[in-house]
Amino acid sequence: MTASPQTHPADVLFAGEKPFPILPAVDHYAGSEKLIAKALGLQHELGPVFDLTGDCEDGARAGAEAEHAEMVAHYVMSADNRQGRMGARIHDITHPHWQQDLEILVRRAGSRLAFITLPKVRSVADTATQIKMLRDIERNAGIQGPLPVHVLIETHGALREVWDIAALDGVESIDFGLMDFVSGHHGAIPGAAMKSPGQFEHPLIVRAKTEIAAAALANGVVPSHNVTTELKDLAVIRHDATRARREFGYLRMWSIHPNQILPIIEAMRPDFSEVEEAYAILSSAQDANWGPIQHAGRLHDRASYRYYWELLQRAESTGMPLPADATTRFFPKP
């Protein structure tokens, strides 16, 4: 069947294939009720340009794990979660509460959770075990559609098996946990490697970052970069995010303070001239029923259309101003 001139690229360019996930460029962590409420308010103000992760691991007090998970589930289901982009990080597989975390979060808030994050996995077997438990709870709770899974790589074993972890069904993002990774080297990596410029220069850290990004991208999942420890100097925050994006191929980055959100988004945005070119190519391709076209003296077909469509989606997801008519043509509001 011949595609009509106005067929949407999502319906044409990835027929029979899994499209690459387009996620907000920032994954913002908040562990307390006060910080979660503040972050949801900022998310409403800025729009869905960053995700919010309710932290049930480091954010929960020992002995109050169930109450903390209930609080996070409450905010996921609350009217304050206007954008529907709030996920949750559970405890690691060695902690006695990780299964109860999933039970509470999925049964209370599975219909609106954006994702579940698994920390400190030691292997692909750990990851598969937790994903299976998640799927069992979803099924028993009557949740429609599997929740996306984000996996934190912060142990030696996880880094060794990162390609297999990234290939697991349901994994949407592979995240680098720098602090725990450095700590796991027993002093062999200096503390200076937890911040810039050391985090981008120490050979063992560079190896981990490049391996994680390569494994994620090769398996069609999003690589997410660790936090920057700088909280006040916006130029430093922006510079760290720029290096993560341009030198290491990361498409997403954590934040732990509201000051970090906008500089990271700005650094992760595509170049506007390339966005303009992407729109021109895609609109001409759409008008040509997605057959080959010429643009600025170069031939383009579906192979390059995919690249430009993903670029345009990333620009839109960061709240970047798009060329005239791009929104109505490619991102119509329901």
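Hydrogens, waters and symmetry mates play no part in the numbers below; they use all other heavy atoms, side chains included.
Checked by atom type and distance alone, the side chain of Arg306 pairs as donor or acceptor with a backbone atom of Leu13 at under 3.5 Å. Of the possible polar contacts, none joining the Asn289 side chain to the Gly291 backbone as a donor-acceptor pair under 3.5 Å is found. Remark: the backbone N or O of Val221 is not paired with any side-chain donor or acceptor of Asn219 at under 3.5 angstrom. In this structure, Glu138 contributes its side chain and Leu147 its backbone to a donor-acceptor pair below 3.5 Å. A donor-acceptor pair under 3.5 Å links the side-chain atoms of Tyr305 to the main chain of His300, judged by distance alone. A donor-acceptor distance shorter than 3.5 angstrom exists from the side chain of Asp126 to the backbone of Arg122, with no hydrogens or angles considered.
Each of Leu40, Leu35, Val26 was scored for a side chain to side chain contact (heavy atoms under 4.5 Å, CB included) with Leu52, with one residue passing: Leu40.
Judged by distance alone, the side chains of Asp27 and Thr53 do bring a donor and an acceptor atom under 3.5 Å apart. No donor-acceptor contact under 3.5 angstrom links the side chains of Gln43 and Arg85, judged on distance only. Side-chain contact annotation: Gln260 with His257, donor-acceptor N/O pair under 3.5 Å absent. A donor-acceptor contact closer than 3.5 angstrom links the side chains of Lys209 and His225. Neither side chain, Ser283 nor Gln286, offers a donor N or O lying under 3.5 Å from an acceptor on the other. Side-chain contact annotation: Glu172 with His150, donor-acceptor N/O pair under 3.5 Å present.
At a threshold of 4.5 Å between non-hydrogen side-chain atoms, the residues Ile153 and Ile165 count as touching. Met133 has its side chain within reach of Trp98: a pair of non-hydrogen atoms, C-beta onward, lies under 4.5 Å apart. Annotation: side chain of Thr127 is not in contact with side chain of Lys132 (no heavy-atom distance under 4.5 Å). Between Lys120 and His95, the closest side-chain pair of non-hydrogen atoms is not below 4.5 Å. You'll find the side chain of Arg269 stays beyond 4.5 Å of the side chain of Val275, heavy atoms only. Looking at Leu311 and Trp309, their side chains never come closer than 4.5 Å, going by heavy atoms from C-beta outward. Counting only heavy atoms from C-beta outward, the side chains of Leu231 and Ile256 approach each other to under 4.5 Å. Annotation: side chain of Leu105 is in contact with side chain of Cys56 (closest heavy-atom distance under 4.5 Å).
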What verdict does the salt bridge (Lys or Arg N to Asp or Glu O under 4.0 Å) test give for Arg243 and Asp240, after you've listed the backbone C-alpha separation in whole Å, the side-chain angles of each residue and the deciding distance to 0.1 Å? CA-CA 5 Å; Arg243 293 197 71 177; Asp240 282 355; over 6 Å; no
Which is it for Gln100 and His97 under the side-chain hydrogen bond (donor to acceptor under 3.5 Å, both in side chains) test, yes or no, and what are the steps along the way? CA-CA 5 Å; Gln100 191 175 2; His97 205 272; 2.9 Å; yes
Would you sort out whether Glu33 and Ile36 count as a side chain to side chain contact (heavy atoms under 4.5 Å, CB included), showing the intermediate values? CA-CA 5 Å; Glu33 188 168 2; Ile36 289 173; 5.9 Å; no
Should Gln199 and Asn226 be marked as a side-chain hydrogen bond (donor to acceptor under 3.5 Å, both in side chains) after you check the CA-CA gap, both sets of side-chain angles, and the distance that decides it? CA-CA 10 Å; Gln199 67 156 320; Asn226 56 272; 3.0 Å; yes
What verdict does the side chain to side chain contact (heavy atoms under 4.5 Å, CB included) test give for Tyr279 and Tyr308, after you've listed the backbone C-alpha separation in whole Å, the side-chain angles of each residue and the deciding distance to 0.1 Å? CA-CA 8 Å; Tyr279 171 67; Tyr308 288 114; over 6 Å; no
Hey, mind stepping through Phe200 and Ile205 against side chain to side chain contact (heavy atoms under 4.5 Å, CB included) and telling me if it holds? CA-CA 7 Å; Phe200 295 110; Ile205 303 300; over 6 Å; no
Begin with the C-alpha distance, continue with both residues' side-chain angles, and end with the deciding distance and a verdict on side chain to side chain contact (heavy atoms under 4.5 Å, CB included) for Phe50 and Leu42. CA-CA 10 Å; Phe50 71 91; Leu42 183 60; 4.2 Å; yes
Begin from the C-alpha positions of Trp290 and Phe14 and carry the test ring pair (Phe, Tyr, Trp, His ring centres under 6.0 Å) through to its verdict. CA-CA 12 Å; Trp290 300 103; Phe14 297 93; over 10 Å; no
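Taken together through direct or relayed side-chain contacts under 4.5 Å among Ile, Leu, Val, Met, Phe, Trp and Tyr, Leu234 and Met268 form part of one hydrophobic cluster. A single hydrophobic cluster is not seen to contain both Tyr29 and Phe115; linkage of ILVMFWY side chains at heavy-atom distances under 4.5 Å, directly or through other members, places them apart. Note on Ile116: it clusters hydrophobically with Val76, by side-chain heavy-atom contacts below 4.5 Å among ILVMFWY residues. Met179 and Ile237 fall into different hydrophobic clusters, where Ile, Leu, Val, Met, Phe, Trp and Tyr are joined by side-chain heavy atoms under 4.5 Å apart, directly or via other members. Cluster membership check: Leu168 shares its hydrophobic cluster with Trp163, using side-chain heavy-atom separations under 4.5 Å among Ile, Leu, Val, Met, Phe, Trp and Tyr.
A salt bridge is defined here as a Lys NZ or Arg NE, NH1 or NH2 lying under 4.0 Å from an Asp or Glu carboxylate O, and Asp287 with Arg329 meets this definition. Between Lys195 and Glu230 there is no salt bridge, since no side-chain nitrogen of the basic residue lies less than 4.0 Å from a carboxylate oxygen of the acidic one.
Atom CG of residue Leu118 and atom CZ of residue Arg89 lie 11.0 Å apart, to the nearest 0.5 angstrom. Atom CD1 of Ile174 is separated from atom CD of Glu211 by 12.0 Å, given to the nearest 0.5 angstrom. Summarising the geometry, atom CD1 belonging to Ile22 is positioned 10.0 Å from atom CD belonging to Glu316; distances are rounded to the nearest 0.5 Å. Atom CD of Glu154 is separated from atom CD1 of Ile212 by 9.5 Å, given to the nearest 0.5 angstrom. Note that CD of Glu247 and OG1 of Thr210 are 12.0 Å apart. Values are rounded to the nearest 0.5 Å. Here CG of Leu204 is found 6.5 Å from CZ of Phe181. Values are rounded to the nearest 0.5 Å.
Closest heavy-atom contact between Ser183 and Met194: OG-CE, 3.9 Å. When all heavy atoms are compared, the tightest approach of Pro119 to Thr117 is CD-O, 3.6 Å. Scanning all heavy atoms of the two residues, the minimum distance from His28 to Ala39 falls at CD2-CB, 3.8 Å. Residues Gly59 and His68 share a closest heavy-atom pair of O-CE1, 3.0 Å. What you find for Gly319 and Val49 is that their closest heavy atoms are N-CG1, 3.6 Å. A pairwise comparison of heavy atoms in Val106 and Ala141 identifies CG1-CB, 4.5 Å as the closest pair.
The number of heavy-atom neighbours closer than 6.0 Å to CG of Asp169, taken from other residues, nucleotides and ligands shown, is 12 or below. Counting non-hydrogen atoms of neighbouring residues, nucleotides and ligands closer than 6.0 angstrom, the NE2 atom of His239 reaches no more than 12 such neighbours. Around atom CZ of Arg112, more than 12 heavy atoms belonging to other residues, nucleotides or ligands sit under 6.0 Å away. Heavy atoms from other residues, nucleotides or ligands lying under 6.0 Å from CZ of Arg246 number 12 at most.
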